[in-house]
Each structure stands twice: as C-alpha cells, then as structure tokens.
Undergrad: 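Let me give you the structure first, and then I'll get to my questions.
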Amino acid sequence: MSPPKTFDPLRALAIGSQALGFVMIFVLGTTLDHPRPWQGLTLGLMLVVALVVAIARRYRNNRLQKFRDERRQRLLSEDEGDDEADEGRD
C-alpha cells in the first residue's frame with residue numbers, strides 16, 4: 001500500500017474555504033450595520049463548498065477502490081491461468 005500523499009488539494013480547498021468564510025463572517029459583522037443577511041449568505045456558500053468537496057472526495061475514493069478491485073481481479077485471473085498451465089505440463 002502506498003503512503004498517503006503529502007498534499008491533498010481537496011483538503012486544502014476545504015480548509016481554505018472554511019477559513020475564508022469564517023474570516024468573512026467576522027469582517028462583515030464588524031463593518032456593516034446589518035450584517036445578518038450577508039453572514040447567512042457566506043455561511044450558505046461555506047456549506048455548499050463543503051458539500052461539493054465531500055462529494056468530490058467520495059467520487060475520487062470510489063473510483064480508486066474500483067480501480068483496485070479491477071486490478072485485484074485481473075491479477076487473480078492471471079494467477080489462476082498460470083496455475084492451470086502448470087497443471088497441464090505435469
């Protein structure tokens with residue numbers, strides 16, 4: 001099994017978007033007279049980005065698992081073919 005990547009772009013996007021969102025909520029709260037609607041919009045955008053990142057991560061993990069399963073099946077079928085060929089020589 002390969003070691004985990006040192007940089008995960010999806011994780012960086014998730015952390016960056018959440019940090020930016022929280023900073024924006026505080027900045028809006030300190031600079032505007034009625035910040036609630038803008039803070040709500042910012043929170044909504046943060047949730048949408050988090051959902052998109054979670055879906056992208058799930059898709060990536062499922063695709064990787066499918067690739068591993070297909071490779072495992074292919075290796076097992078090749079191994080069984082080699083065993084049958086060895087039995088035919090005896």
Side-chain angles (χ1 to χ4, degrees):
M1 194 162 149
S2 66
K5 290 182 180 180
T6 55
F7 179 73
D8 184 5
L10 289 177
R11 176 167 280 179
L13 177 64
I15 293 170
S17 67
Q18 296 298 306
L20 181 64
F22 283 125
V23 168
M24 287 299 299
I25 287 174
F26 288 120
V27 168
L28 291 170
T30 58
T31 58
L32 298 177
D33 291 334
H34 303 288
R36 294 281 187 215
W38 294 107
Q39 288 175 329
L41 179 67
T42 303
L43 181 60
L45 288 173
M46 289 169 60
L47 292 174
V48 167
V49 170
L51 181 63
V52 167
V53 168
I55 290 171
R57 178 167 293 189
R58 165 106 14 137
Y59 173 76
R60 183 178 66 182
N61 288 342
N62 286 346
R63 189 179 62 195
L64 182 60
Q65 185 64 39
K66 182 179 177 183
F67 172 75
R68 288 178 181 161
D69 290 344
E70 289 173 353
R71 184 170 181 222
R72 185 179 306 119
Q73 285 298 102
R74 191 172 55 245
L75 290 174
L76 287 174
S77 66
E78 288 174 1
D79 189 40
E80 289 174 0
D82 290 344
D83 289 344
E84 290 173 5
D86 289 342
E87 290 175 4
R89 290 185 203 159
D90 291 336

Undergrad: If the condition is side chain to side chain contact (heavy atoms under 4.5 Å, CB included), which residues does L75 pass it with, not counting sequence neighbours?
TA: R71, E78
Undergrad: Please collect all salt bridge (Lys or Arg N to Asp or Glu O under 4.0 Å) contacts where either partner lies in residues 16-37, sequence neighbours excluded, each pair once.
TA: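 Listed by first then second residue: nothing to list.
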Undergrad: With V23, which residues qualify under side chain to side chain contact (heavy atoms under 4.5 Å, CB included), at least two apart?
TA: V27
Undergrad: For D69, what residues pass the side chain to side chain donor-acceptor pair (under 3.5 Å) criterion, not counting sequence neighbours?
TA: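 D69: side chain to side chain donor-acceptor pair (under 3.5 Å) contacts with Q65, R72.
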Undergrad: Which other residues end up in the same hydrophobic cluster as F26, if Ile, Leu, Val, Met, Phe, Trp and Tyr are linked when side-chain heavy atoms come under 4.5 Å apart?
TA: none
Undergrad: Report the distance from atom CZ of R74 to atom CG of L76, rounding to the nearest 0.5 Å.
TA: 11.0 Å
Undergrad: Please list every donor-acceptor pair under 3.5 Å in which a side-chain atom of residues 38-59 meets a protein atom from a residue at least two apart or in another chain.
TA:
residue, atom, partner, partner atom, Å
Q39, NE2, I25, O, 3.0
T42, OG1, W38, O, 2.8
R57, NH2, D8, OD2, 3.0

